[in-house]
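Just so we're clear, the structure is a prediction, and the values are computed from it rather than from any experiment.
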Amino acid sequence: MTSGTDAVYFLTADNGGERIEAVLKICTAVPPEDFRPEPFLCRVLRRETSIPVPKIYGVVETHSEYPAPFYLMERCEGTLAEELERTDELTATVATAAGRHAGEYHQIADFQQFGFLRLDTDFDQSSPTVTLDGRGLAVADPHPDIDSEIERSLWREYGTETWRAFLESLYQYYIADLDERFTDLRDPIKSFVEDRFHTVNGSFDSRLSHIDYKYTNVLVDPDTCETTAVLDCGHATAVDPYYDLVVTEHHLCNRAPLYSPDRNRVRGALEAAYEETNSIERDEEFERRRELYLLVPHLQALFWFSTWFEDASETKREDMEAQYRSFVMQILTENGYCV
């Protein structure tokens with residue numbers, strides 16, 4: 001498989017005379033502690049939820065000859081949603097499934113910190129919240145030797161005690177190094193975002209979140225558009241549940257403009273399905289907090305722009321720059337932050 005970061009191979013395995021179509025994923029691009037939680041989480045999701053994730057056949061932590069860790073999982077049936085025509089039916093059906101799935105994985109555990117999930121065996125300080133076969137999934141406790149300033153690292157080694165601290169660390173990482181095409185937006189973005197951070201003061205639930213639920217990570221039945229498998233749990237993070245929903249909304253509407261039919265269709269299906277089992281707290285700061293949640297993850301596109309479109313034509317790059325810029329401008333101008 002040529003896309004993605006770590007090495008992935010499709011293969012046919014012989015299991016005592018039974019032929020099994022499988023997928024081999026090898027840790028080649030990220031640190032092992034970032035790689036190890038994914039197969040563990042797949043097993044947890046199969047045990048705790050009805051979400052269709054691949055069965056894990058086995059995990060190898062170290063190997064004398066081959067790169068490790070690596071694991072073997074089933075090759076699920078279905079077509080990658082990214083490869084299908086983006087019809088209204090596909091969009092609504094996938095978004096509905098995404099809302100129901102988020103409703104399930106948000107109920108698995110309430111973590112004590114906010115941050116990227118790791119196996120407890122990779123850290124001396126951690127409080128495992130989800131356990132399986134003697135191992136635990138956790139956010140590493142804040143380290144006593146690290147000062148309280150925001151850590152300038154996207155993949156923080158340790159978690160934060162508050163949701164605001166973790167969200168602010170993501171924001172600081174992206175805003176400091178926007179792609180040169182967007183640096184003129186930095187100051188008004190900073191004014192807007194920093195005026196909104198008060199909306200995430202206080203107590204928030206820290207829930208298991210996929211955070212990368214998008215068409216490239218979903219297999220569907222091409223005839224019914226029903227989801228047959230959810231892939232790539234490698235970015236799983238403990239965050240405020242509604243932030244996870246907004247990030248999923250971004251992914252499934254392809255960062256469509258605010259109030260556009262595509263975004264409204266995704267948001268409506270996603271939230272309606274989610275609220276079949278879970279509640280969305282709409283307090284007096286809800287809409288202002290939603291605007292913050294819309295803009296902070298969108299900064300990822302402004303940060304990685306040159307990498308994402310390295311092989312695209314200049315016409316394509318200009319079109320995407322205009323789309324990404326327009327989304328930011330709409331939020332800023334509607335709230336009186338002039339560029």
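- Counting non-hydrogen atoms of neighbouring residues, nucleotides and ligands closer than 6.0 angstrom, the CZ atom of F10 exceeds 12 such neighbours.
- Between the side chains of T160 and Q113, no donor-acceptor pair of N or O atoms lies under 3.5 Å.
- F327 is linked by a ring-ring contact (aromatic ring centres under 6.0 Å, His included) to H250, H298, counting only residues two or more places apart in sequence or in another chain.
- In this structure, Y171 has its ring center no closer than 6.0 Å to that of F166.
- Counting only N and O atoms by type, the side chains of E48 and Y105 include no donor and acceptor under 3.5 Å apart.
- Using modelled atom types, one finds a donor on one side chain and an acceptor on the other under 3.5 Å when comparing Y242 with E271.
- The list of side-chain hydrogen bond (donor to acceptor under 3.5 Å, both in side chains) pairs with a residue in residues 217-230, not counting sequence neighbours, reads D212-N217.
- Residues forming a ring-ring contact (aromatic ring centres under 6.0 Å, His included) with Y9 (at least two apart in sequence, or on another chain): none.
- By the 6.0 Å and 45° rule, R86 stacks over the aromatic ring of Y215.
- Hydrophobic clustering (ILVMFWY, side-chain heavy atoms < 4.5 Å, transitive): Y158 and V139 are in distinct clusters.
- Considering only residues two or more places apart in sequence or on other chains, Y274 meets the ring-ring contact (aromatic ring centres under 6.0 Å, His included) condition with H106.
- Of the charged side-chain nitrogens involved, at least one lies within less than 4.0 Å of a carboxylate oxygen, so that R207 and D110 count as a salt-bridged pair.
- Side chain of T93 to backbone of L90: no donor-acceptor contact under 3.5 angstrom is found.
- Cluster partners of L219, using a side-chain heavy-atom cutoff of under 4.5 Å among ILVMFWY residues and allowing indirect links, are L80, L231.
- Between the side chains of R289 and Y243, not a single donor N or O lies within less than 3.5 Å of an accepting N or O.
- Applying the ring-ring contact (aromatic ring centres under 6.0 Å, His included) criterion to F40, with sequence neighbours excluded, gives no partner residue.
- Looking at T121 and R135, their side chains do bring a donor and an acceptor atom within 3.5 Å of each other.
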